[in-house]
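Beneath this line is the structure, given in structure tokens, with notes to follow.
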Amino acid sequence: MEVMSGSCRFGLWFVHVWWSGAMIHHVLFSKSPLPGAVPPSFTRYCAGKEERFQSYESVATSYPTIYGQIYQAVRNVPYGETETYGEIAGTVSTSARVVGQAMRRNPTPLVIPCHRIVGKHHIGGFTPSPEIKEALILMEKKTRKRKQPG
DNA sequence: AACGTACACTTAT
DNA sequence: ATAAGTGTACGTT
């Protein structure tokens, strides 16, 4: 199937997406736009809707290394919640550092919600800029709050 | 095939 | 604040 590409806005950033059918190949934050539209899930998500990308699959979860398991575990972290690198490490029997490395190399952010994985004592990094991570976490919290007050 | 290095972490000084 | 422990991938012999 043909690989499609496009971008949508998230604040000051653009979210570039490459996909074919239900398979997401690559997602990337950039300062400049890429021509073309993105699957509706992405525009919904960027508009602050609760979106789990459930009808999509990421190439990342089928990596043959332990990274594949890490990505799978991260995918299960619900919208609006966070977990630490160490906690993810526990579920797949590796170290927090390795989880950090897997997050750094995550080919499909948002689909694999690596922004929900934070350090125990600090927010942790994000490529290309940790501001994005903060904004995403904040946005999800606000959406959650709006949905179920109290 | 082996080795060295780079890390989006964590825990103990 | 800083160092030691950590597990994996990846590039370089």
Side-chain angles (χ1 to χ4, degrees), chain A residues 3-20 22-34 38-39 41-147:
Chain A
V3 176
M4 316 282 290
S5 66
S7 68
C8 68
R9 232 181 212 300
F10 176 75
L12 303 172
W13 295 86
F14 289 91
V15 183
H16 296 199
V17 183
W18 286 265
W19 77 101
S20 66
M23 177 64 75
I24 309 294
H25 293 264
H26 196 71
V27 176
L28 162 68
F29 284 87
S30 163
K31 285 285 196 187
S32 45
L34 179 74
V38 296
S41 288
F42 288 86
T43 40
R44 277 203 299 275
Y45 180 86
C46 290
K49 305 283 171 49
E50 177 162 346
E51 171 59 54
R52 293 169 192 275
F53 299 97
Q54 234 153 10
S55 49
Y56 292 100
E57 201 178 339
S58 165
V59 290
T61 49
S62 54
Y63 284 3
T65 63
I66 195 170
Y67 279 25
Q69 300 169 53
I70 294 174
Y71 293 130
Q72 188 58 61
V74 171
R75 250 213 112 151
N76 294 333
V77 179
Y79 188 99
E81 294 180 25
T82 59
E83 230 171 286
T84 64
Y85 295 97
E87 285 166 343
I88 297 293
T91 73
V92 299
S93 306
T94 184
S95 74
R97 196 101 192 240
V98 170
V99 174
Q101 238 185 153
M103 296 306 95
R104 181 169 60 96
R105 298 173 178 294
N106 177 14
T108 62
L110 303 190
V111 181
I112 306 295
C114 58
H115 59 278
R116 295 180 195 140
I117 311 305
V118 298
K120 194 168 184 185
H121 307 295
H122 58 288
I123 188 169
F126 195 84
T127 308
S129 162
E131 304 166 13
I132 300 174
K133 187 173 186 175
E134 265 190 282
L136 290 170
I137 291 174
L138 182 64
M139 179 187 80
E140 293 192 2
K141 272 190 180 145
K142 281 202 289 202
T143 302
R144 263 300 187 79
K145 210 171 181 179
R146 188 166 64 242
K147 200 182 172 187

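Letters go in sequence order (proteins before strands), and every chain restarts at 1. Model, not experiment: these values are computed from the prediction.
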* To do: Applying side chain to side chain donor-acceptor pair (under 3.5 Å), run through A:T143 and A:E50 and close with a yes or a no.
  => CA-CA 7 Å; A:T143 302; A:E50 177 162 346; over 6 Å; no

* Is there a donor-acceptor pair under 3.5 Å between the side chain of A:H16 and the backbone N or O of A:S32? -> yes

* Asked: Taking atom CG of A:L12 as the centre, does the number of heavy atoms from other residues, nucleotides or ligands within less than 6.0 Å exceed 12?
  -> no

* Pairs meeting criterion side chain to side chain donor-acceptor pair (under 3.5 Å) with involvement of residues 125-138 of chain A, two or more places apart -> A:Y85-A:K133

* To do: Determine which pairs satisfy side chain to side chain donor-acceptor pair (under 3.5 Å) with at least one residue from residues 105-121 of chain A, sequence neighbours left out, and list them in order.
  => A:Y45-A:H115, A:S58-A:T108, A:H115-A:E140, A:R116-A:E140

* Structure fact -> So the contacted stretch of DNA chain C, first to last nucleotide with an atom under 4.0 Å from a non-hydrogen atom of chain A, runs from C:dG5 to C:dC10

* A:E83: partners by salt bridge (charged side-chain N to carboxylate O under 4.0 Å, His left out), with sequence neighbours left out -> none

* **Residues that A:R104 engages under salt bridge (charged side-chain N to carboxylate O under 4.0 Å, His left out), provided they are two or more places apart** => none

* Determine which pairs satisfy salt bridge (Lys or Arg N to Asp or Glu O under 4.0 Å) with at least one residue from residues 90-102 of chain A, sequence neighbours left out, and list them in order. => none

* Keeping to residues at least two apart or across chains, list the salt bridge (Lys or Arg N to Asp or Glu O under 4.0 Å) pairs with something in residues 63-82 of chain A. => A:E81-A:R144

* **Atom of A:G6, atom of A:W19 and distance for their closest heavy-atom approach** => N-CZ3, 4.0 Å

* Interface with DNA chain C, restricted to residues 70-104 of chain A and to heavy atoms under 4.0 Å -> A:T94, A:S95, A:R97, A:V98, A:Q101

* To do: Could you check which residues of residues 108-135 of chain A get a heavy atom under 4.0 Å from DNA chain C? Sort them by number, please.
  => none

* Asked: What residues, two or more places apart in sequence or in another chain, satisfy ring-ring contact (aromatic ring centres under 6.0 Å, His included) together with A:H25?
  -> none

* Asked: In which stems does DNA chain B show up, taking only runs of three or more Watson-Crick or G-U wobble pairs whose two distances fall under 3.5 Å?
  -> B:1-7 with C:7-13, B:9-13 with C:1-5

* In chain order, what residues pass the side chain to side chain contact (heavy atoms under 4.5 Å, CB included) check against A:S62, with sequence neighbours excluded? -> none

